[in-house]
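Scroll down for the structure; my scribbles are underneath it.
All heavy atoms count here, side chains included; hydrogens, waters and symmetry mates do not.
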Amino acid sequence: MSQSPVLRMLGRVDYAPTVEAMRAFTDTRTADTPDEIWVCEHPPVYTQGIAGKADHVLDPHGIPVVATNRGGQVTHHGPGQVVAYPLIDLRRLDIYVKEYVYRLEHAVLKTLESFDITGHRVAGAPGIYVNLADPGGHAALTGPRPDPFAGLGKVAALGIKVSRHCTYHGVALNVDMDLKPFEWINPCGYAGLQTVDLATLGVRTDWATVARRLGDRLVSHLS
């Protein structure tokens, strides 16, 4: 069994230097470098993935827009959101990217479950979604669904980068944050997609609790 990743709780850190640190870690790591998982939150920032289209940023209202090298479109980071950056050697786990993404999403699903919230996957749209009419209900999303996002709110976004079989960037789970900036973009490229957080869903908790639970789940799922 591979060694468990080192969990590092970074607190609130600026986005750009954190990405640069992840890139440097990944570029200089060797086959013997222990995996790490960084958990943090960022001051308000929009981040644009490599496939991102500028017109998905409707009006940034003065929030910085930072181009980055992860997959996906534009998303928002801000205080009250848990951001987890797994720095994982996929060869060590003997898994491919599809399985890695599945494990990231499953860690979020299990974290939500610990707060009695049921998360859902939507085919072709990475991230985790919640049935707004019944956030704790266990019924599966059933088709056909002409609008795959009808009745759903997005509670977690995912965007990764893999370099030489090693991952960085990661997943963001909304806990209790200012959701207004999500209205000023097309979140993850989808116009009108509603974004929610745990507070919206009636969960009373704090950032540190969710950060620790998600971090521990990721360590478990990526060991």
field: Side-chain donor/acceptor of Gln81 to backbone N/O of His42, under 3.5 Å
entry: no
Q | Asp147 atom CG: more than 12 heavy-atom contacts under 6.0 Å | A | yes
CG of Leu109 to CG of Leu112, rounded to nearest 0.5 Å, is 6.5 Å
In short, Ile37 meets Val219 closest at the heavy-atom pair CD1-N, 3.7 Å
Task: Leu152 vs Val130, side-chain contact (heavy atoms from CB on, under 4.5 Å): CA-CA, chis, key distance, verdict - done: CA-CA 5 Å; Leu152 301 182; Val130 175; over 6 Å; no
Show, in sequence, the C-alpha distance, side-chain angles and deciding distance for Asp35 and Arg29, and conclude whether the salt bridge (charged side-chain N to carboxylate O under 4.0 Å, His left out) test is met.
CA-CA 9 Å; Asp35 291 335; Arg29 67 179 300 169; 2.6 Å; yes
Rounded to the nearest 0.5 Å, the CG atom of Leu104 sits from the CD1 atom of Ile88 at a distance of 8.5 Å
- Less than 4.5 Å apart, any side-chain heavy atom of Cys40 and any of Arg12? no
key: Pairwise side-chain contact, Asn186 with Lys53, heavy-atom cut-off 4.5 Å (strictly under)   = no
- Message: Applying a strict under-4.5 Å side-chain criterion to I, L, V, M, F, W and Y, I'd like to know whether Val66 and Leu10 cluster together.
- Response: yes
Margin query: I'd like to check Leu158 versus Ile160 (side-chain heavy atoms, cut-off strictly below 4.5 Å). Are they in contact?
Written below: yes
* Is the shortest heavy-atom distance from the side chain of Tyr15 to the side chain of Val83 under 4.5 Å? -> no
Give a yes or no on whether the backbone of Trp184 and the side-chain of Tyr46 come within a donor-acceptor separation of less than 3.5 Å. no
In short, Leu214 meets Val82 closest at the heavy-atom pair CD2-CG1, 4.0 Å
Apply side-chain contact (heavy atoms from CB on, under 4.5 Å) to the pair Ile50 and Arg70, showing each step before the final yes or no. CA-CA 6 Å; Ile50 52 176; Arg70 61 164 172 78; over 6 Å; no
Any side-chain heavy atom of His106 within less than 4.5 Å of one from His221? yes
Separation between NE2 (His61) and NZ (Lys180), nearest 0.5 Å, reads 8.0 Å
Closest non-hydrogen atoms of Ile128 and Arg121, given as atom of the first, atom of the second and distance, are CD1-CG, 4.2 Å
key: Student check: side-chain heavy atoms of Lys161 and Arg23 closer than 4.5 Å   = no
ask   = With a 4.5 Å limit on heavy-atom distance, are the side chains of His76 and Ile63 in contact?
value = yes
What pairs of donor and acceptor atoms, side-chain ones from residues 131-140 against any protein atom, are under 3.5 angstrom apart with sequence neighbours left out?
| unit_1 | atom_1 | unit_2 | atom_2 | d |
| --- | --- | --- | --- | --- |
| Asn131 | OD1 | Ala133 | N | 3.1 |
| Asp134 | OD1 | Gly137 | N | 3.3 |
| His138 | ND1 | Thr118 | OG1 | 3.4 |

Worksheet item: Under a single-linkage definition using a 4.5 Å side-chain heavy-atom cutoff for Ile, Leu, Val, Met, Phe, Trp and Tyr, are Leu218 and Val101 assigned to the same hydrophobic cluster?
Response: yes
Nearest heavy-atom approach of Arg164 to Asp27 is NH2-O, 3.4 Å
So that I know where these two stand, are Phe149 and Tyr190 an aromatic pair - ring centroids less than 6.0 Å apart? yes
Under the 3.5 angstrom rule, does the side chain of Asp206 hit a backbone N or O of Thr209 as a donor-acceptor pair?
yes
One should read off an interatomic distance between Trp38 CH2 and Glu36 CD, to the nearest 0.5 angstrom, of 6.5 Å
Query raised in the report: Do Arg213 and Thr111 have side-chain atoms, one donor and one acceptor, less than 3.5 Å apart?
Result: no
Parallel, tilted or perpendicular, judged at 30° and 60°: which one describes the rings of Tyr85 and His169? perpendicular
N/O donor-acceptor pair under 3.5 Å between Thr28 side chain and Ala24 backbone: yes
Interatomic distance, CD@Gln48 vs NE2@His56, rounded to 0.5 Å, equals 7.5 Å
Rounded to the nearest 0.5 Å, the OG1 atom of Thr167 sits from the CE atom of Met22 at a distance of 9.5 Å
Thinking salt bridges, do Arg91 and Asp89 make one under a 4.0 Å N-O criterion? yes
In terms of heavy-atom contacts, Ser223 and Ser4 come closest through OG-OG, 3.1 Å
>> Would a single hydrophobic cluster contain both Leu173 and Leu201, if residues Ile, Leu, Val, Met, Phe, Trp and Tyr are joined by side-chain heavy-atom contacts under 4.5 Å?
In response: yes
Under the side-chain contact (heavy atoms from CB on, under 4.5 Å) criterion, do Asp197 and Val175 qualify, and how do the steps go? CA-CA 5 Å; Asp197 57 14; Val175 179; 5.8 Å; no
**Request:** Examine Leu141 and Tyr102 and state if one hydrophobic cluster contains both, with Ile, Leu, Val, Met, Phe, Trp and Tyr joined whenever side-chain heavy atoms are less than 4.5 Å apart.
**Result:** no
Single-linkage hydrophobic cluster, 4.5 Å side-chain cutoff, Val155 and Val39 together:
yes
**Message:** Can you confirm whether the side chains of Tyr168 and Asn69 place a donor and an acceptor under 3.5 Å from each other?
**Reply:** yes
Apply the test side-chain contact (heavy atoms from CB on, under 4.5 Å) to residues Leu193 and Tyr129: give CA-CA distance (whole Å), side-chain angles for both, the deciding distance (0.1 Å), then the verdict.
-> CA-CA 10 Å; Leu193 174 60; Tyr129 304 80; 4.2 Å; yes
All heavy atoms of Pro86 vs all of Gly170, minimum pair found to be CD-CA, 4.0 Å
Check whether any side-chain N or O of Thr200 sits under 3.5 Å from a backbone N or O of Val196 as a donor-acceptor pair, and report yes or no.
no
Is Arg92 reaching over with its side chain to a backbone N or O of Ala31, donor-acceptor style, under 3.5 angstrom?
yes
With the side chain counted from C-beta on, respond yes when Leu222 and Leu93 share a heavy-atom pair under 4.5 Å apart, and no when they do not. yes
